[in-house]
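Working notes for the structure below.
Hydrogens, waters and symmetry mates play no part in the numbers below; they use all other heavy atoms, side chains included. Reminder, nothing fancy here: chain letters follow the sequence lines and each chain counts from 1.
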Amino acid sequence: MNRKYIYPLVIILVTVALYYSDDFFGENDASTPKVLNTIETNSKEFDDSFLPTSTTGAVVKHNFFTLSYSEENEQAEWVAYELKPAHLSKNEFERPYFIEDNSVKTKSADWRNYKNSGFNRGHLCPAADRKFSVEAFNETFLTSNISPQDHDFNSGIWNRLEQKVRFWAEKYNGVYVVTGGVLKGNLKTIGEENVSVPNEFYKIIVDASDGNYKAVAFLIPNKPSSEPFYEYAVSIDEIEEKTGIDFFPNLPDSIENSLEKMVNLQAWGSR
DNA sequence: CTGGATTGC
DNA sequence: GCAATCCAG
């Protein structure tokens with residue numbers, strides 16, 4: 001081969017090699033489908049052990065979280081997902097538009113119900129918890145994953161709790177999360193579809209690492225608060241009484257009973 | 001990070 | 001309906 005062809009050829013080969021180097025060396029975890037499969041939620045263990053009961057019968061399993069939709073309230077009564085260290089990512093994606101969830105038989109609410117309502121479209125499964133792929137990130141922008149939240153509640157105490165959950169996911173090598181609004185009583189509604197505005201939101205976090213289960217739960221008013229979220233810690237039993245949802249029916253009774261009575265803030269980093 | 005409104009095509 | 005721009009906690 002003539003020398004004058006060799007240099008261009010080398011340049012092309014090096015360029016191609018660099019282009020694929022992330023895949024070869026496996027450094028770009030988030031963008032390689034092979035790795036992606038290992039961090040999807042809805043694992044069998046998750047389904048078998050941690051999905052709550054549905055009071056509506058409208059459970060929808062998405063690729064990266066599972067929800068139970070309440071058509072009456074035009075939002076999910078719970079959203080459940082697993083948050084592993086591998087899910088945490090520094091990826092930055094542009095926020096897409098909220099769209100209806102076609103997997104919900106009755107269709108989820110249109111985003112316009114929230115427009116000029118005075119309430120935010122608050123994520124239940126946070127977008128920042130699903131940043132390991134653009135598909136996972138975009139999935140959180142289905143309106144079945146959205147509930148009306150006060151802006152200062154959402155960006156304040158609720159946001160601080162969500163950040164703490166990500167910290168716990170790292171610390172405990174993964175946690176299970178169930179979250180939603182309390183859809184009981186006469187609730188204010190917004191929009192043409194009458195989307196209910198919850199007065200309180202709950203979040204339940206379970207650490208099942210090392211075979212020892214521990215849980216913590218919070219019930220926080222949908223309004224601004226400068227209090228530490230630890231002030232709003234409750235037992236899972238209390239949230240079950242408020243919502244009518246049975247949260248961990250598939251766990252062995254002894255574990256379920258123990259978890260649901262627990263209010264052990266020391267074990268979750270409160271002073 | 002959590003979200004918003006307005007303008008223009 | 002979507003992009004660009006500017007905004008707040």
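- Aromatic ring pairs are classed by plane angle as parallel below 30°, tilted from 30° to 60° and perpendicular above 60°; the pair A/Phe98 and A/Phe141 is tilted.
- Between A/Phe248 and A/Phe50, the ring-plane angle classifies as perpendicular under the 30° and 60° cut-offs.
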List the atom pairs, donor and acceptor, that lie under 3.5 Å between side-chain atoms in residues 220-233 of chain A and the rest of the protein, sequence neighbours left out.
unit_1   : atom_1 : unit_2   : atom_2 : d
A/Asn222 : OD1    : A/Asp150 : N      : 2.9
A/Asn222 : ND2    : A/Pro148 : O      : 3.3
A/Asn222 : ND2    : A/Pro198 : O      : 3.0
A/Ser225 : OG     : A/Glu227 : N      : 3.1
A/Ser225 : OG     : A/Tyr232 : OH     : 3.3
A/Tyr230 : OH     : A/Trp268 : O      : 2.8

Let me have the donor-acceptor pairs involving side chains of residues 101-109 of chain A, under 3.5 Å, with sequence neighbours excluded, atom names and distances please.
unit_1   : atom_1 : unit_2   : atom_2 : d
A/Asp101 : OD1    : A/Ser103 : N      : 2.8
A/Asp101 : OD2    : A/His62  : NE2    : 2.6
A/Asp101 : OD2    : A/Ser144 : OG     : 2.6
A/Asn102 : OD1    : A/Lys107 : NZ     : 3.1
A/Thr106 : OG1    : A/Glu71  : OE1    : 2.4
A/Ser108 : OG     : A/Asp101 : N      : 2.7
A/Ser108 : OG     : A/Thr143 : OG1    : 2.6

Write out a two-atom table: protein N or O, nucleotide N or O from nucleotides 3-5 of chain C, distance below 3.5 Å.
unit_1 : atom_1 : unit_2  : atom_2 : d
C/dA3  : N7     : A/Tyr97 : OH     : 3.0

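- Membership of an apolar cluster is not assigned to A/Val263, as no side-chain contact below 4.5 Å to another ILVMFWY residue is traced.
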_For nucleotides 1-6 of chain B, give me one character per nucleotide, 5' to 3': B if any protein heavy atom sits under 4.0 Å from the base, S if the only such contacts are to the sugar-phosphate, - if neither._
BBSSS-
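- Figure legend: A/Lys84 and A/Phe132 shown without cation-pi pairing, the cationic atom not lying both under 6.0 angstrom from the six-membered ring centre and within 45 degrees of its axis.
- For residues 233-245 of chain A, every residue pair satisfying the side-chain hydrogen bond (donor to acceptor under 3.5 Å, both in side chains) rule, not counting sequence neighbours, is listed here: A/Glu200-A/Lys242.
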